[in-house]
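What follows is a single structure, written as structure tokens, with notes after it.
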Number of protein chains: 2
Amino acid sequence: MARWAPDAALRLESAAMALFAERGFTATTVPEIAEAAGLTTRTFFRHFADKRDVLFLRERELPTVVGGLVAVAPPGLDPLALVMSGLETVAAGELQRWRDDIAARRAVVRSEPQLRERERLKSAVLTDAMRDALMESGVTSADAALAASIGSALFDASLEQWLAGPDDVLLVDVLRAMRARLGDLAGR
Amino acid sequence: MARWAPDAALRLESAAMALFAERGFTATTVPEIAEAAGLTTRTFFRHFADKRDVLFLRERELPTVVGGLVAVAPPGLDPLALVMSGLETVAAGELQRWRDDIAARRAVVRSEPQLRERERLKSAVLTDAMRDALMESGVTSADAALAASIGSALFDASLEQWLAGPDDVLLVDVLRAMRARLGDLAGR
């Protein structure tokens, strides 16, 4: 049965998560994941660079999407507001719907130091995408680096708090509260 | 010739940096580093977990030192001020004297994706140490996580800007300017 690519990626992710839960991340192999999804190993590697990558499918497009949002944000906003506008948009969209999936994959990531390194790399890719988008919008490199790093720190802390809390809370509300709290702490 | 430990670590670091510059990080082996330093491989592994670790010697004690400074900071400061007080103290100390060494090792780190992942891990260890110290001082976990992440982002951005700039600038001044700029951007 022919299927379009993103669906295959989601099937592979679903099969992988079931196997990780059953036998652990380390003991699961790529051929086993592909077989459980009814797909080939070749198809697996068309969608993922390696076994670790399966855990980051839901956030894979974030840097591109947020970078794009920052680039088209209304002019006149300061650099931190530009970054927050992009982050709030993604927080209110798919991420919110995917809460349970993200929580499940994060539990696996936290069980393996190697996976945590990959997670940090993903977070750095988001920071870099926001910084580049700000610089393309004419923000100085110093301000762009600062606003992107701060936005990324706020986003990571918000995701963490949101996933640890009750499931009827909106990620975008956590993010806005975190931004407001930063204003209390950092404002002079 | 018997020597005390930190001196051996510095000799190994110096030998390693010369070899990395000459033939590249990947092509250099631990036995070659040990031999160039006039020490054994066994001694190398008493000081470093692996070849990558040599590049992070100058920042190895940072999380412990900053965590300790945050824990003994005067009461009454808000969480971000506590973190900044610890970071400013280390910025004004050995880091300032080690500018050229840190710049040289960072050039190597930036040449290898694997090393950048390790660098991010070190940065996360600093964040965690500050967060834990804040929580031990009675700061709520949400504020501790936020202030530690923001402090870490300010510190990383400051190091980056300081190393890229002229060598007569003080790291602590860059850090304070970055903090002030955050106040402009984040204050409401």
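Order of the sequence lines fixes the chain letters, A, B, ..., with proteins taken first and strands second; residue numbering starts at 1 for each chain.
When atom types are taken as modelled, the side chain of B:R179 and the backbone of A:A186 share a donor-acceptor pair closer than 3.5 angstrom.
B:L62 and B:L170 are members of different hydrophobic clusters when ILVMFWY side chains are connected at heavy-atom separations under 4.5 Å. When hydrophobic clusters are built by joining Ile, Leu, Val, Met, Phe, Trp and Tyr residues whose side-chain heavy atoms come closer than 4.5 Å, directly or via intermediates, A:L57 is grouped together with A:V30. Placement of A:F56 and A:V65 in two distinct hydrophobic clusters is found when ILVMFWY residues are connected by side-chain heavy-atom separations under 4.5 Å, directly or transitively. Taken together through direct or relayed side-chain contacts under 4.5 Å among Ile, Leu, Val, Met, Phe, Trp and Tyr, A:L95 and A:V54 form parts of separate hydrophobic clusters. A single hydrophobic cluster is seen to contain both A:F48 and A:F45, as judged by linkage of ILVMFWY side chains at heavy-atom distances under 4.5 Å, directly or through other members.
Between the CG atom of B:L182 and the CG atom of A:L182 there is a distance of 5.5 Å, given to the nearest 0.5 Å. In this structure, CE in A:M178 is found 9.5 Å from CG in B:D143, a value given to the nearest 0.5 Å. Between the CG atom in A:L185 and the CE atom in B:M84 there is a gap of 12.5 Å [rounded to 0.5 Å]. The structure places CZ of A:R181 at 12.0 Å from CD1 of B:I150, a figure rounded to the nearest 0.5 Å. If you take OG on A:S152 and CG on B:D156, they are separated by 11.0 Å, rounding to the nearest 0.5 Å. Once rounded to the nearest 0.5 Å, the distance linking OG of B:S141 with CD of A:Q161 reads 7.5 Å.
For chain A, the option among B:A157, B:A124, B:A145 with the highest count of heavy-atom pairs below 4.5 Å is B:A124.
The side-chain heavy atoms of B:L154 and A:L146, taken from C-beta on, include a pair separated by under 4.5 Å.
Crowding of A:E35 atom CD: a count of heavy atoms from other residues, nucleotides or ligands under 6.0 Å not exceeding 12.
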